[in-house]
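Chain letters run A, B, ... following the sequence lines, proteins first and then strands; every chain starts at 1.
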Amino acid sequence: MAGLSFDNHQRNQFLSAKGFGSPKATSTGTTIVGVKFEGGVVIAADTRATSGPIVADKNCEKLHRLSPTIWCAGAGTAADTEMVTQLIGSNLELHAMSTERKPRVVTALTMLKQHLFKYQGHIGAYLIVGGVDPTGAHLFSIHAHGSTDIGFYQSLGSGSLAAMAVLESNWKEGLTKEEAMKLCTEAIEAGIWNDLGSGSNVDLCVMEVGKDAQLYRNYLKPNVREAKVKSYKFARGTTAVLKESIYNLVDIEETVVPMEVDTEA
Amino acid sequence: MSNPASINGGSAVAMVGKDCVAIACDLRLGNQSLGVANNFEKVFQFGHVFLGLTGLATDVITLNETFRFKTNLYKMREERDIEPETFANLVSTSLYEKRFGPYFVGPIVAGINSKTNQPFICSFDSIGCIDYSKDFAVVGTASDQLYGMCEGLYEPNLSPDDLFETISQALLNANDRDALSGWGAAVYIITKDKISKRYLKSRQD
Amino acid sequence: MSVTSAVSSDYNSGVSNVPIEHQFNPYSDNGGTVLGIAGEDFAILAGDTRHTTGYSINSRYEPKVFSVGDELLITANGFAADGDALVKRFRNQLKWYHFDHKKNLTIKSAARFIQHLLYGKRFFPYYVHTIIAGLDEEGKGAVYSFDPVGSYEREQCRAGGGAASLIMPFLDNQVNFKNQMDPDSNGTAKKELKYLKLDEVISLVRDAFSSATERHINVGDGLEILIVTKDGVRTEYYPLKKD
C-alpha cells in the first residue's frame, strides 16, 4: 500500500505508443513570491489554477503549511505541490517529535530537496519556503530537480518575471513587516494582471520570529465577478424527464427487548 | 482526441444549491466516434456520498470497485458511513498513488455532510489534485462546454427543484455540443433526507 | 552521404541517428473570442479586445470586429496577422466592387466572395474563424460563419475563437431555446421559438463574455459589440475583467 505504485505504467506506455498521449494535469500557472523583513518573512501567492487555457479553480490555496511556523508556496503541477508538501509536513512533525525540538526551515528545505532530487524532476513542484525557527527567519526557493536558492526576496511560477520586476525595483534593505506585506502583494498583483497563468486573489502568510504564522487568506480580492445582466433561472418543467425515482432517507431505530423466558418449564 | 481519457467519452457535473447538491452525468459509452452503449452511468453512490467518474471506461469501472471496497472497509472500521470531505481525500490519495502511471479519469464528488448538513462538492484531475468548489464542478470530454454553461446559468441558493432545471439544462446543452457525450442523462438531486434520480429526455445523435 | 548526425553532449550521452530538422512555424494563436447573433431586423457581431501570445498580453484594446461599409460587419479570429490580412483584402476588394458596379455589396455576395478569398489559400490557409454579420435583402438580420478554408453557412448565431466551446452551447440554449420545453406541456412540446429583442441580445452577449472571461485565460479586458440596424452601424463597449 505504502508509496507510489507503478501498476499502470506498462499499460500507459502501450497506450502512448498507440498514439494516445497523456491527459493534462492541473497546473498552477501561478505567481508566488517571498520577502524577508526585520524579524520575519512573508510569502504570497495568487489563487488561479489552470488546465491548458481553462481556469480550473478560481480561488485555490497555493500556500501550504509545513509546520506552524514554516509555510511554503507552490507552483507547477498542482497535485505534486500539494502532496509533496503534505508528505514533508508530516515527516517534519515526526522529526520534531523524535528530536524534541521545534522544526527548522533548513530541515524542511533539505527534506524537500532530497525528495525532489530523488525523483529527478518528475515531481513537478516549484516551491518557495519561508519560516521562522530558533535560528531566525529564513527564505528559500526550490526547483523540481532539487536545486535550491537563498535570498532576501524570491519569485517563482509563470508570473515570476512580472513579480520579480516589482521586487527588483522596490525592494530595499531593512523592510518593516507592513512594507514587506505591501511589496509581496504588489508583486503578486503584477502577476495577476500581466500573466495569463495567474489571476483572481492574493493569499499572504506572515511569519514573525517567536510567533505562530498568520495566514491572510484572500488578503486582496481585486477580481470579484460583477453581477450578471440577466437571471437564467428556468421555469419548473422546462426539462423533459423520462423517469423519476425517489429515495427517502429514514433513520432506522433498532431496540432490543429482552424476552421473558420461563426457565422452570 | 489522442488522449486515453477521451476514447470512451462522457461528462459529469455537480452543483450546490440551498441545503442541497446535484450531480449528473451522460449515459454514453463509445469507442472513439462509434456509440457502443446508452446505459453507461457514471455516477456512483457510497453511503450518502456520490462520485461522478468520467474518462477511460475500464478505469471508471476499476476505480468504482476500488472505492466500493475501500468505503466498505472504512464503514466496518469506523462503524459509520464515510463523509464527503473524507471521501474526497480518499479519492485524492488513491489517484496520487498512481502518480507515474495514472488512471485516466476525471472524478467529481458531491454530497451533504451528515454531521454539519453542509453541502460539499469538488472535482479532481487524473492525478488527484482536489479542486474545491462552492458553486459547481465539471469533468469529462464536454468540460469546456460545461464550464461555459455553468458559468452562464448558475446562481447560488437555488431550491432543489430549481437546481434540477439548472443542472439539467447545463448538462444537456453542453452534451449536444460534444460528439463524445450524450445519449441520455441521469440527474441526482440530493437533500438531507431525500434523494431523487431522474433520467432526462435528450437528443440521441 | 547520409543526412544523419550524432548528437551528444555533457548532458546527453544518447547518440541519435535521426536528422535534425529545423522548421519555421508561420502560425501563432492570438487568443480572443468572437460572437455573432442575427435578430429579426438587426444583427450584432461582438468580440473581446484582448490580444495575446502564450501567457502574455500584447494589448488590452485591439479591436478585431470591423465595420467595413455597406452595413457589413466582419471579424476573423485566430491568428491576428491572417485576420488583419483577410479583412484588409476584403475592404480593398469591396472598394473595387463599388468602382466597378456602383452599388452596395449584399451580405449574401460578401459571404460567397469571402469563401473565395479563403479557399484561394487552400494549401496555406488563413488561420482564422471568420464571421460576418449584416442585414439581408429583406432587411432581416444575417450571420454567416466560415471555417479556415471557406466552408460557410448562414446561421442565427455563432461563436468563434478560443472560448467558442464555452459560449456556443449557452447560445443554443438561450437564443434557439435548445432542450427547453414548454413548462405547461409536461415535457411534450418544445418551447416556442421567438426572435429576441436587441436589448435582450446585448445582455445575453455581455453575460456570455463575462462567463467566458471567468474560465478562459485568453478572454478579457474589454468587450466591443457592433450593431447593424436599418439605421446603420453602432458600437458599444463594456469593460471585462483584466486578470
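If you measure heavy-atom distances from A:N59 to chain B, you find no contacts under 4.5 Å at all. There is no contact between A:K230 and chain B, counting heavy-atom distances below 4.5 Å. At a 4.5 Å heavy-atom cutoff, the contact between A:L242 and chain B is made by backbone and side-chain atoms alike. Heavy atoms closer than 4.5 Å to chain B are found in both the backbone and the side chain of A:K243. Proximity to chain A (any heavy atom under 4.5 Å) is shown, for B:S92, by both the backbone and the side chain. Using a 4.5 Å cut-off between heavy atoms, B:L95 does not touch chain A at all.
Under the 3.5 Å distance criterion, the side-chain polar atoms of A:N12 are matched with a main-chain donor or acceptor of B:P102. Side chain of B:E165 to main chain of A:K233: no donor-acceptor pair is present (N/O by atom type, distance under 3.5 Å, no hydrogens or angles). Side-chain atoms of B:R99 never come within 3.5 Å of backbone atoms of A:I123 as a donor-acceptor pair (strictly under, hydrogens ignored).
Counted by atom type alone, A:S5 and B:E97 present zero donor-acceptor pairs between their side chains at under 3.5 Å.
Counting heavy atoms from C-beta on, the side chains of A:E82 and B:C129 never come closer than 4.5 Å.
Take B:F67 and apply the ring-ring contact (aromatic ring centres under 6.0 Å, His included) test, not counting sequence neighbours, and it matches B:F87.
Residues of residues 144-164 of chain B lying within less than 4.5 angstrom of chain A, judged on heavy atoms, are B:D144, B:Y147, B:E151, B:G152, B:L153, B:Y154, B:E155, B:L158, B:S159, B:D161, B:D162, B:F164 in numerical order. Within residues 49-62 of chain B, the residues approaching chain A closer than 4.5 Å by heavy atoms are, in numerical order, B:L56, B:T58, B:D59.
Atom CD of residue B:Q169 and atom OG1 of residue A:T238 lie 6.5 Å apart, to the nearest 0.5 angstrom.
Taking the six-membered ring where tryptophan is involved, the planes of B:F100 and A:H122 are perpendicular, since the angle between them exceeds 60° and thus also 30°.
Residue pairs meeting the salt bridge (charged side-chain N to carboxylate O under 4.0 Å, His left out) criterion with at least one partner in residues 183-192 of chain B, sequence neighbours excluded, are absent.
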